[in-house]
Structures are given as structure tokens and as C-alpha cells.
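Comments concern the structure below.
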Amino acid sequence: MAKLFTLKKTERLKSRKQTEQLFREGKRFTLTPFRIYYLFNNDKNIVLQFGAGVSSKIFKKAVDRNRVKRLIREAYRLQKISLQEKLAEKNIQLNLFFIYTGNELPVYKEVFDKTGKVLEKLLLIAGEQK
RNA sequence: GCUACAAGCCAGGCUAUCGCAUCUUAUUAAUUUAAGAGGAGGAAAGUCCGGACAGCACAGAGCAAUGCACCGGUGAAUAGCCGGCCUCCGUCUCGCUUUAAGCGAGACGGUGAGAGAGAGUGCCACAGAAAAUAACUACCUCAGCAAUGAGGAAAAGAUGAAAACGUAGGGUAAGAGCCUACGGCCUUUGAUGGUAACAUCAUCGGCGGGUAAACCUUGCAUGCUGAAAUGCCACAUAUAGUAUCGUUUGAGGGCGGCUCGUCCGAGAUACAGGGUAGGCAGCUUGAUUCCCGCAGGUAACUGCGGGAACAGAUAAAUGAUAGCCCACGACAGAAUCCGGCUUACCGGCUUGUAGCUUUU
């Protein structure tokens with residue numbers, strides 16, 4: 001039985017090429033502190049790949065950027081399972097990128113709630129896919 | 001015990017749950033699974049200096065450019081560090097003259113981009129007659145009844161950050177280092193001491209300011225690029241097209257920039273278009289850091305012996321949540337690696353120095 005709350009290298013969006021493709025061709029929506037980019041594709045083995053980013057213009061200190069990215073990653077790690085299962089069920093793949101657009105350092109609880117809502121929305125979108 | 005200063009060290013802790021990258025050992029068809037180990041800083045920051053390392057270059061000359069600028073040491077090296085010299089400032093002590101105050105000597109602390117203003121050019125706010133080869137007032141001579149004019153003259157005057165060596169005497173129409181004595185400063189030469197900067201003494205010549213963090217002059221030094229360096233492997237391809245120039249009548253390129261010179265030399269440039277951007281090495285143990293002992297040195301630092309410690313990501317790990325404790329947690333996140341400098345910063349600990357207080 002594989003562990004549920006993992007977030008390994010393979011589950012992260014790593015390739016520069018894939019990321020550029022995601023920003024170029026992917027769809028997006030905004031949910032207050034986040035802007036989400038997502039793109040469905042069919043040619044990978046990994047079901048769900050994820051990345052997170054923060055603008056260095058908003059957060060000038062590297063410490064703060066790291067903090068935000070870690071919070072997003074943590075919230076995502078704990079809540080992504082249902083989306084992952086749905087995608088596996090439908091046999092489709094999804095690339096996903098979070099960008100934090102808020103101006104102030106977030107609290108964990110807020111990030112957790114919002115990430116949950118984002119994932120719910122993505123679950124709906126995934127449900128409509130064939 | 002408290003306060004101030006200086007130097008050094010530390011930079012919340014523990015537990016639970018979930019998680020991340022690396023390495024090791026097992027295990028597996030398989031980075032599959034399991035266990036274990038260690039996993040950001042004193043500044044990791046600014047990128048301001050200096051190196052290591054790598055690639056390219058490694059005939060040369062001139063010019064330009066940049067950097068540095070008292071001396072010695074240290075070190076791989078520096079604009080760092082240590083020690084010294086000098087300038088200026090402050091405090092204290094002593095001596096002399098003495099109303100105040102001033103002068104000299106010494107000690108301590110600080111300060112200085114500390115070569116050259118006697119090569120040239122420029123600049124010096126305000127005030128002031130005048131800010132550099134100075135005549136406004138006052139002074140002297142001459143002309144004139146006078147007003148005033150011509151000339152001499154830097155001794156006196158308000159200003160200013162700075163005013164044309166100081167005092168005394170001679171000298172003169174009045175004056176002036178114009179002359180003399182003493183003193184001050186700069187410079188030449190010599191002697192002595194010191195590795196040297198420099199100091200002391202003698203001596204020649206001189207005394208019309210400051211500014212080189214203004215240009216500049218002098219001396220010395222200096223290849224460029226910077227881990228997105230660079231090497232290898234894999235994958236993919238287009239030795240295609242158009243235009244211009246060119247193959248000994250030499251396109252173009254290298255030699256840090258320019259000029260010359262020199263070497264290579266058959267392709268070069270532009271337009272439009274296509275492919276790749278994955279892995280491994282570099283990559284972390286090194287001029288390393290800390291502790292102890294011995295030795296050398298005023299010190300920075302060095303040598304020898306012993307011990308301990310040291311992350312390695314690559315869309316980028318080192319985390320999240322909860323609870324408890326306390327001094328209630330600042331500045332802040334490695335990206336090739338070191339040595340410095342600078343800047344940011346809540347608090348704690350240790351040592352030393354000074355002052356105050358308490359007790360014996």
C-alpha cells in the first residue's frame with residue numbers, strides 16, 4: 001500500500017519545457033490569493049504534476065518566498081488525494097501551477113482553506129473531461 | 001551585585017504526527033521498499049576588494065584606459081590585517097613667561113584617498129578695497145589756491161575658513177626680508193641613528209595662500225570572460241534557401257581597446273526558417289574551520305604534534321501543524337569554492353577594563 005500524503009520529485013513539475021507549455025497553452029482561473037494554471041494532457045505516466053511560484057517583486061526577501069512556497073506545497077500535499085484518484089479513474093493527466101498573488105505573508109490556515117477550494121474546483125473541471 | 005565599553009561565542013528548546021532532497025547498508029524487475037546518518041548563516045546578504053579553478057589567448061611596439069600611492073611586516077593575494085613614522089585634533093602631566101593666556105616637552109586617545117601645488121591650466125561661496133604677481137581708507141612725494149590728479153609704498157585698518165613669515169633694531173620722503181640679530185617654515189648637501197618611512201645636528205639657497213575626493217604630472221602595477229565558465233555522453237538535425245563580400249588582387253578571425261605589426265586563413269555576414277535546451281562530471285575535504293599542547297614573533301601570523309567538525313539542491317531539499325517550557329525568538333535562506341571589507345540585527349553567555357554600591 002503506497003503512502004497517501006507524498007510529494008516526491010516525480011509529482012512536481014520539473015521540466016522547464018513543460019512549464020512553458022503550461023503557461024502558453026494552459027487555461028487559468030483566479031481564486032483570491034492564487035492564480036492557477038492548468039493543462040490536461042495524455043502522454044505522461046504521472047497522473048498529476050504540480051508547481052508553485054511567488055513573484056519576487058511582491059516578496060523581495062528569499063526567506064519570505066520560501067515560506068509561501070512551503071505553505072502552498074504543504075496544503076496541496078495534504079489535500080490532493082481525491083483529485084489524484086479522480087484523474088486516475090478517468091485516465092487523464094493534469095499539469096498544475098500555483099502562483100501566489102497576495103501582498104502579505106499568508107497564515108497557514110488561510111492557505112489550507114483556499115487550496116482546498118482550488119482543488120474542489122479542479123475536481124469539478126476534471127469531472128467534465130472525457 | 002549594578003552600569004558602561006571592548007573582544008569572543010551562541011542565535012529558542014523538547015515531544016508527537018505528516019512530509020522533502022542527499023548519502024550509506026540491505027532489498028527489489030524497478031529510486032521499489034526498509035533502516036540509519038548528517039541536512040543553511042554570522043552575516044548564507046551587498047557584490048565593494050583579493051585569490052583558487054576553468055576556457056580562450058600567450059611575436060612585439062606605441063598610444064590610450066583602469067587601479068594603487070608614508071614605511072616595514074604578514075599572507076596565496078588585496079584597497080584586508082599587524083607594527084611603526086609623519087600631519088592635524090583632544091585630554092592629562094611637567095617646565096618657562098605670567099593678569100588672562102601663550103609657548104615648549106612628554107604620555108595617552110583619536111584622525112588622515114598620507115606622492116607632487118617649486119611643470120601648467122582651472123577654481124576659492126558670503127563678506128571684504130583686494131582671494132593672487134592686491135592700492136578702498138589711512139601714509140609719503142610731486143603738481144595745484146582748492147577740488148583733484150600723477151606716482152611711491154604691503155608698515156596700520158574693518159572682512160573672512162584663509163590676507164601675503166614673527167619680534168626687535170637699522171634704513172627711508174613714506175615704506176617694504178631692503179639690511180641685521182634672534183626665532184619659525186620650506187628646500188639643497190653632508191654627518192649620525194634607524195631595514196625603512198623618518199628623526200637629530202650642521203650647511204647652501206629661499207619665504208606672494210589654499211585646493212590634486214578639479215583637470216593634470218610623476219612612479220608602480222594590470223590579458224579578457226566567469227559555474228548560464230568548461231569537458232563528456234545522449235537525442236535531434238538542414239552539407240537546404242535568398243542577398244552581399246571573398247579564395248593569394250585575401251573575405252573574415254585571433255593577439256583585452258585603438259594604431260601599426262604579426263599569425264591563421266576559405267569561408268564570412270545579414271534575412272527568413274528548423275532542431276535541442278535531457279543526463280553525468282565540474283560539485284564540495286579545502287591556502288578549510290575550531291579546540292588543546294609546545295615553539296618562534298611586540299603583534300598580525302607561522303611551524304610541529306594531537307583531537308573534533310564540515311549541506312550539496314537544480315522550477316531548486318533542509319519543511320508544516322499541534323502541544324508544553326523559557327530568556328517569548330531579531331536580521332535573515334547556501335547555488336563553484338575560499339580570504340577580507342561593508343551593511344542588517346531581539347536577546348543571551350563568557351572574559352577583560354573602568355566607575356558605583358554592599359558585605360566581611
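Per chain, numbering begins at 1; letters A, B, ... match sequence-line order. The shown structure was predicted, so the numbers you read here are calculated from the model rather than taken from an experiment.
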Any strand counts, and the cut-off is 3.5 Å on both contacts for Watson-Crick or G-U wobble. Which nucleotide pairs with B:A287? none
Out of B:A334, B:U321, B:A332, which nucleotide sits closest to the side chain of A:Leu71? B:U321
Report the glycosidic orientation of B:A174: syn if within 90° of 0, anti in every other case. anti
Taking only side-chain nitrogens and oxygens of A:Arg67, does any of them come within less than 4.0 Å of OP1 or OP2 of B:A320? yes
Check step by step if side chain to side chain contact (heavy atoms under 4.5 Å, CB included) holds for A:Phe29 and A:Leu122. CA-CA 10 Å; A:Phe29 63 88; A:Leu122 284 168; 4.0 Å; yes
Can A:Leu123 be reached from A:Leu119 by stepping across I, L, V, M, F, W or Y side chains whose heavy atoms are under 4.5 Å apart? yes
In whole angstroms, the gap separating P of B:G19 from CD of A:Gln79 amounts to 15 Å
For B:U22 and B:G46, measure between their P atoms and round to the nearest Å. 27 Å
With a 3.5 Å limit on both atom pairs, tell me what B:U180 is paired to, counting Watson-Crick and G-U wobble, or say none. B:A168
Quantified in whole Å, what is the C1' atom distance between nucleotide B:U288 and nucleotide B:G12? 29 Å
Using Watson-Crick or G-U wobble geometry with both distances below 3.5 Å, tell me the partner of B:A317, or none. none
State the pairing partner of B:A270; accept Watson-Crick or G-U wobble contacts with both distances under 3.5 Å, and report none otherwise. B:U242
Kindly give the heavy-atom pair with the smallest separation between A:Thr101 and A:Arg35, and that separation in Å. CG2-CB, 4.2 Å
Pull up the glycosidic torsion of B:U222 and say syn or anti, syn being anything within 90° of 0. anti
Watson-Crick or G-U wobble mate for B:A228, both contacts under 3.5 Å: none
Between B:A173 and B:U188, how many Å separate the two C1' atoms, rounded to a whole number? 41 Å
Need the pair for B:A105. Rule: Watson-Crick or G-U wobble, both distances under 3.5 Å, any strand; none if unpaired. B:U93
Calculate the interatomic distance between A:Phe59 atom CZ and B:A332 atom P; express it in whole Å. 15 Å
Quote, to the nearest angstrom, the C1' distance that separates B:U218 from B:C124. 26 Å
Atom CG of A:Leu78 and atom P of B:G319 are separated, to the nearest Å, by 17 Å
Inter-nucleotide P distance (B:G355, B:C341), Å rounded: 33 Å
Between the protein and nucleotides 39-44 of chain B, list the N/O to N/O atom pairs that are separated by less than 3.5 angstrom.
none

Using the C1' atom on both, measure B:A135 against B:A164 and round to a whole Å. 14 Å
I want to check one thing: is the phosphate of B:U318, taken as OP1 and OP2, less than 4.0 Å away from some side-chain N or O of A:Arg73? yes
Looking at every non-hydrogen atom in both residues, tell me the closest pair between A:Ile72 and A:Phe98 and how far apart they are. CG2-CD2, 3.9 Å
Integer-rounded Å distance: B:C20 P and A:Glu74 CD: 10 Å
Partner lookup for B:U359, please. Criteria are Watson-Crick or G-U wobble with both distances under 3.5 angstrom; report none if nothing qualifies. none
Return the pairing partner of B:A155 with a 3.5 Å limit on both distances, Watson-Crick or G-U wobble; otherwise return none. none
Could you tell me whether A:Arg77 and A:Glu74 make a salt bridge, using a distance below 4.0 angstrom between a side-chain N and a carboxylate O? yes
Which way is the base of B:G104 turned, syn or anti, if we draw the line at 90° from 0? anti
In B:G12, glycosidic geometry as syn within 90° of 0 or anti otherwise: anti
Whole Å only: how far is the CD atom of A:Glu110 from the P atom of B:U321? 13 Å
With rounding to the nearest 0.5 Å, note down the distance linking OH in A:Tyr37 to CG in A:Leu96. 12.5 Å
Atom NZ of A:Lys61 and atom P of B:A334: how far apart are they, to the nearest Å? 14 Å
Can you work out whether A:Asp64 or A:Tyr108 has the more 5'-proximal nearest nucleotide on RNA chain B? A:Tyr108
B:G223 versus B:U66 - spacing of their C1' atoms, nearest Å: 13 Å
Inter-nucleotide P distance (B:G118, B:G210), Å rounded: 8 Å
How many angstroms lie between atom CZ of A:Arg70 and atom CZ of A:Arg73, to the nearest 0.5 angstrom? 7.0 Å
Rounded to whole angstrom units, what separation is found between the CD1 atom of A:Ile99 and the P atom of B:A315? 16 Å
Whole angstroms only, please: what is the CZ-P distance between A:Arg65 and B:A45? 13 Å
Check the pair A:Phe112 / A:Leu78 against side chain to side chain contact (heavy atoms under 4.5 Å, CB included), numbers first and verdict last. CA-CA 9 Å; A:Phe112 187 87; A:Leu78 296 171; 4.2 Å; yes
How close do A:Ile36 and A:Phe34 get, heavy atom to heavy atom, and via which atoms? CD1-CB, 3.7 Å
